[in-house]
Amino acid sequence: MRFMILAIRNLGRQKRRSFLLGGAIAFGILIVTFVNGFAGGVAGNLEQNFSQLLGGEIFIQGVEKKPSGQRVQVITDEAALSAAIADSRIPVKSVTRSSAFLGTFFFHNNSTVQEVVGVDFDVAAPLRDRLTLVEGSFDGMRNPEGIIIGQQTAQRLKARPGDLVLVQLRTITGQMNVAEFLVAGVSHDPGLSVSFAAYANRAYVNALENLPPEAYQQLGILLSNPETTNAAAAELSRALSRRVVLLPALPKAAGENPIGSMLRQHSENPMGAMVADLMRLASEGSYTGTRYRLSTIDDILGRLQLPQIIAAINGVAFVVLLILFLIIVVGVINTFRIVLNERTREIGTMRALGMQRGRVRSLFLLEALFLFVGGAVVGLIGATLVMALASLASFAPTTPAFLMLRNGHASFMVSPGQIALPIVAVGLLTMLGAWLPARRAARLKPVEALTAVH
Amino acid sequence: MISFFRRHFPPRPRFLNPIVFLLILAAPVLRADTDQPDVAALLGQLDTLTNFQGDFTAEYTEVTQHPGQQPSVYRHDVYRRDRIGAMTIVMRYPDSQKGQGYLEVDNNFWFYDQNSRLFSHASLKENWQNTDAMNSDFFRTNWARDYGAVSWSEGTLGVYPVLILDLKGTNDQVTFPFKKVWIRKDIGILLKAEDYSFSKLLMRTVYYPQYVKIEDHYVADRMLIIDNLNVGAKTEMTLANISLATLPDYTFTKAFLQQVNR
């Protein structure tokens, strides 16, 4: 115990030096924990926000191949899908049936391209919850031709609620069509470079796409327990396989620079790429009838290469950690070499009084251990405080990174492993840095140490 | 004397002779029966006049003007072998797109990107580059197969007597489900076409003011495409260096596109 008190006292003898070195350790722990927590929070928030935007964690799409060989994206066999969902007993929070097309909007001399998603507004409560209107109201959607457009789209068109916009689209067989939509409302764009989608009534969208009134192109399932998405998807896949023909799962996107991919794809609705891929897949083989594909939010985020983006953030954190490691090791070695020089005569005295070499080495290492423990504790407390403070800041839905936030606030998620790993590494490096001066101190001969002049 | 006759023999109500009445009623029908154009034959003739048994090559130039934008120019070569439904397009201008190409073969339309050296699926129903033309505007026509007349009338367009046909697509694969065409009565070439959407809204108007006769065929070597949705947007398309010389089979292969600009 006295030995430990001695180590602590020694640290206190050079308060400024100990404070700086411990501070460096604390800062390293703080930064790495913060970045890891940020990356984890971003990953979780992206998944949750995209689930909300797309109307589900699990998606079922269908492609019907007609005898002519023509393929159209449509689901008409509601009974089979409903029965499969019931069989699977997955925890369903809500189900959204939607049809969609990519349209070119015209208003006066302005035009822009925008995905239009047709949903049943009277039952699509989650959609109403996640769309924040800056102008207009959902009441306008009682008009069959009503449409909710995003802020960016509204700005590009210079359109406001009450305006009639012209939209050029294609039917499911690729025929040209043009329709008028009445702008019912303008919604916040959740941090995207373009509006994510415009929302219209499914019956009207179906009519424009030449789809049967009750048909739809995608079934989105929002789970009451999103953590179980993969397990629920596997269950549903098994249940579906017993009733319909399932196509293979969505392939992973080819390797690409994730940041470049993010910049390129951030403005795209990932569903467009999914549909293109589905149509390509459905063109293979000779069959008639409908084939289905089940995909999850993870597949879509994978398509957007978001896991790679998260990995890139973690990579940055790792590089920062390495640099901090280097600084800490050099700092510890230098500090303890200075300590060794300063205390040479003191070490000589202690050795002359009978202290063994091992005790001298242990004293140095114990000082380093206390330095590390203090730095780590302060670093963790600091990280917790910084994360708590950062999560208090509120960001507007127009913030470019809104999709990475939770309800406009940054959130942090860090696993015990992500906390433990850098702490253990910093601890080992601190001890390693202190080891060499400690060994030198232990090897000092008492006579030489006592006569040393500094 | 006259008053005597009027008093004792009042005039009978004046009814038309029933035969004359029926003839008058039937006049439009009779006229239709006698003058009704054979629309299928007309559309077939349109195909015959503009499609080729042999090969076709031309250099196309499009100048597109969109409101608030600088005019953009595209130049490309088109190679066609209509009898097998093959077409190859090689971009020449702008330089940024030089070397890109398209290939229609076996009912598949491919886009070739010079930079990635990859082929990807494209559609004839898409717009050509950033113009008001469609990819299908360069391809052989199938008027007789794809359209039937809903109604017809006669008129004049400029100085030419024309037949005006309201057409409806015979299948759901045609890009424009409804069309209205002005066909010159004397030689059966297309002078104007209006393209309508599925909801029967006018989307674009195409004028064919100038033709060049090659052998027994007519090739519109100047076209003006008006975008009726995007007011003020238009594309003028001109053809040069038209040739019917036989092309090597190799022209209609992916390998040709890969090597043509190396």
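Proteins come first, then strands; the chains are lettered A, B, ... in the order of their sequence lines, and each starts at number 1.
For the atom pair CG of N230(B) and NE2 of H108(A), the computed distance is 13.0 Å after rounding to the nearest 0.5 Å. To the nearest 0.5 Å, atoms CZ (R170(A)) and NZ (K125(B)) are separated by 7.5 Å. Note that CZ of F178(B) and CE of M176(A) are 15.0 Å apart. Values are rounded to the nearest 0.5 Å. Note that the CG atom of N228(B) and the CZ atom of F106(A) stand 11.0 Å from one another [nearest 0.5 Å].
When all heavy atoms of N109(A) and V231(B) are compared, the closest pair comes out as OD1-O, 3.2 Å. Summarising the geometry of D172(B) relative to Q175(A), their closest heavy-atom pair is O-CG, 3.3 Å, with the distance given to 0.1 Å.
With a 6.0 Å radius and a threshold of 12 heavy atoms from other residues, nucleotides or ligands, E214(A) has its CD atom at or below the threshold. The 12-atom threshold is exceeded at NZ of K179(B), counting heavy atoms of other residues, nucleotides or ligands nearer than 6.0 Å. The neighbour count for R83(B) CZ, taken as heavy atoms of other residues, nucleotides or ligands under 6.0 Å away, is above 12. The local environment of NZ in K254(B) is crowded, with over 12 non-hydrogen atoms from other residues, nucleotides or ligands closer than 6.0 Å. The environment of CD in Q53(B) is sparse: at most 12 heavy-atom neighbours from other residues, nucleotides or ligands sit within 6.0 Å. Atom CG of N107(B) has 12 or fewer neighbouring heavy atoms from other residues, nucleotides or ligands inside a 6.0 Å radius. Surrounding CZ of F139(B) are more than 12 heavy atoms belonging to other residues, nucleotides or ligands, all under 6.0 Å away. Surrounding CG of D106(B) are at most 12 heavy atoms belonging to other residues, nucleotides or ligands under 6.0 Å away.
Heavy atoms closer than 4.5 Å to chain B are found nowhere in I172(A), neither backbone nor side chain. Contact of P67(B) with chain A is made through the side chain alone, with heavy-atom distances under 4.5 Å.
For the residue pair N177(A) / S199(B), a side-chain donor-acceptor distance below 3.5 Å is found, with atom types taken as modelled.
Among L208(A), V178(A), T171(A), the residue with the largest count of heavy-atom pairs under 4.5 Å with chain B is V178(A).
Between L166(A) and L201(B), some side-chain heavy-atom pair lies under the 4.5 Å cut-off.
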Check your understanding: For T173(A) and N171(B), what are the C-alpha separation, side-chain angles and deciding distance, and is it a side chain to side chain contact (heavy atoms under 4.5 Å, CB included)?
Key -> CA-CA 10 Å; T173(A) 56; N171(B) 58 70; over 6 Å; no
